[in-house]
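Have a look at the structure below, then the notes.
To find a chain, count down the sequence lines: A is the first, B the second, and so on, and within it residues start at 1.
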Amino acid sequence: MPELPEVETTRRGVEPHVLGRQILSLTVRQANLRWPVAPELPDLLAGQQILKARRRAKYLLLDAEHHTLMIHLGMSGSLRIMPVTSPPLFHDHVDIVLDDGNCLRYNDPRRFGSMHLLTSDDHPLLNHLGPEPLSSDFDGAWLYDRARGRRAPVKQFLMDGQVVVGVGNIYANEALFMAGIHPARAAGRISLQRFVRLADAVKVLLSAAIEQGGTTLRDFVGSDGQPGYFAQQLNVYGRAGLACRQCTRTLRELRQSNRSSVYCPGCQR
DNA sequence: ATGCTAACCTGCGCGC
DNA sequence: TGCGCGCAGGTTAGCA
């Protein structure tokens, strides 16, 4: 489910409900996520007030007084604010119980998500991440520099978290279409000018998706339970075999690193 | 250093 | 109706 816009939508939805709240306790019903939830995590976090809700890449970072709770939603995770009394449903793995009768409830069918407790942002999972796509650190020149000598297809290059964070399969496909770049082209063989178009496309797409509450595919819901509205604007993702909206040629599909890429053979070179 | 593969899981849609 | 298969928004470890 979640790419960066979904995580940011979740952060914005959750923030007003958790800021200033004290964490009374945590209920862990299923600790086997992508990495096991540390058994001592609930006791360490209980009693602390939540001071800030940040995002880094696709990680949601809840800063408390002495620790930061780092949450990843994986492929199928979601967070909802709800009364702690409402009965947990299937795959509701963790409740972060707040002091106002509500809880932040983590649901994740596939359990590819994770929860870690940090004492600083110096963590192996955060240390080697590339720039935020919507920051000024990320632009065409950055992509061009990082692509020197890289023979990997640009699609994989763009999805590499050490190059830039937050660009998942959907937006990688869409950005390459918007920039007119074939997903299989070697990253090191793309001009600065074309990388400028690609970086701009990433920024435009992610910004628009955040504005509209993320992309809804199957089961995504934001923290207030409302679906996003960006899905209807996808030009290539999920449209293999259909006509390109720009040139009417049939969109093709190929698999790269076991992920599907959809592109227009006319518009993308 | 780069790049490829398998791995972690469940659910859903499709063809038979 | 049921079953097996392939595929799905992510990311890491391990190995060539």
Report the base-pairing partner of [N] (Watson-Crick or G-U wobble, both distances below 3.5 angstrom), or none.
{"N": "B:dC9", "result": "none"}
{"N": "C:dC15", "result": "B:dG3"}
{"N": "C:dG9", "result": "none"}

Could you tell me how far C:dC7 sits from B:dT5 if I compare only their P atoms? Round to whole Å.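 The answer is 15 Å between these two P atoms.
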For B:dC9 and C:dG14, measure between their P atoms and round to the nearest Å.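 Between the two P atoms, the distance is 16 Å.
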Does the [X] side chain pair with the main chain of [Y], one donor and one acceptor, at a distance under 3.5 Å?
{"X": "A:R29", "Y": "A:D92", "value": "yes"}
{"X": "A:E8", "Y": "A:L4", "value": "no"}
{"X": "A:N107", "Y": "A:F90", "value": "yes"}

Side chain of [X] - closest among [options]:
{"X": "A:I170", "options": "B:dG11, C:dG9, B:dC9", "answer": "C:dG9"}
{"X": "A:S260", "options": "C:dT11, C:dA8, B:dT10", "answer": "C:dA8"}
{"X": "A:F112", "options": "B:dT10, B:dC8, C:dA8", "answer": "B:dC8"}

Polar side-chain contact A:R110-C:dA8 base: donor and acceptor under 3.5 Å: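 Such a pair is found, so the answer is yes.
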Quick one: do A:R56 and A:E132 satisfy salt bridge (Lys or Arg N to Asp or Glu O under 4.0 Å)? Show the steps, please. CA-CA 8 Å; A:R56 173 72 174 111; A:E132 286 290 325; 2.9 Å; yes
Output the distance between atom CG (A:D99) and atom CD (A:Q22), rounded to the nearest 0.5 Å.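 One finds 5.5 Å between CG of A:D99 and CD of A:Q22.
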Report yes if at least one side-chain N or O of [X] is closer than 4.0 Å to OP1 or OP2 of [N]; otherwise report no.
{"X": "A:Y237", "N": "C:dA8", "answer": "no"}
{"X": "A:H72", "N": "C:dG10", "answer": "no"}
{"X": "A:H91", "N": "B:dC9", "answer": "no"}

Exceeds 12 heavy-atom contacts within 6.0 angstrom, atom CD of A:Q193: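 12 or below, so no.
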In whole Å, I'd like the distance from the [atom1] atom of [X] to the [atom2] atom of [N].
{"X": "A:N173", "N": "C:dG9", "atom1": "CG", "atom2": "P", "value": "9 Å"}
{"X": "A:Y106", "N": "B:dT10", "atom1": "OH", "atom2": "P", "value": "13 Å"}
{"X": "A:H116", "N": "C:dT11", "atom1": "NE2", "atom2": "C1'", "value": "12 Å"}
{"X": "A:F90", "N": "B:dC9", "atom1": "CZ", "atom2": "P", "value": "14 Å"}
{"X": "A:L60", "N": "C:dG10", "atom1": "CG", "atom2": "C1'", "value": "16 Å"}
{"X": "A:L126", "N": "C:dG10", "atom1": "CG", "atom2": "P", "value": "18 Å"}
{"X": "A:K58", "N": "C:dT12", "atom1": "NZ", "atom2": "P", "value": "10 Å"}
{"X": "A:Q256", "N": "C:dG9", "atom1": "CD", "atom2": "P", "value": "13 Å"}

Side chain to side chain contact (heavy atoms under 4.5 Å, CB included) between A:V97 and A:L26, intermediate numbers included: CA-CA 6 Å; A:V97 183; A:L26 278 87; over 6 Å; no
Tabulate atom names and distances for all N/O pairs under 3.5 angstrom spanning the protein and nucleotides 2-5 of chain B.
residue: B:dG3; atom: OP1; partner: A:R151; partner atom: N; Å: 2.8
residue: B:dG3; atom: OP1; partner: A:A152; partner atom: N; Å: 2.8
residue: B:dG3; atom: OP2; partner: A:R150; partner atom: NE; Å: 2.6
residue: B:dG3; atom: OP2; partner: A:R150; partner atom: NH2; Å: 3.3
residue: B:dC4; atom: OP2; partner: A:Q156; partner atom: NE2; Å: 3.4

With a 4.0 Å cut-off on heavy atoms, is [X] in touch with a base, just the backbone sugar-phosphate, or nothing at all?
{"X": "A:R34", "answer": "base"}
{"X": "A:F157", "answer": "nothing"}
{"X": "A:L33", "answer": "nothing"}

Report yes or no: is the cationic atom of A:R239 (NZ for Lys, CZ for Arg) closer than 6.0 Å to the six-membered ring centre of A:Y237, at no more than 45° off its axis?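 Ring-cation test returns no.
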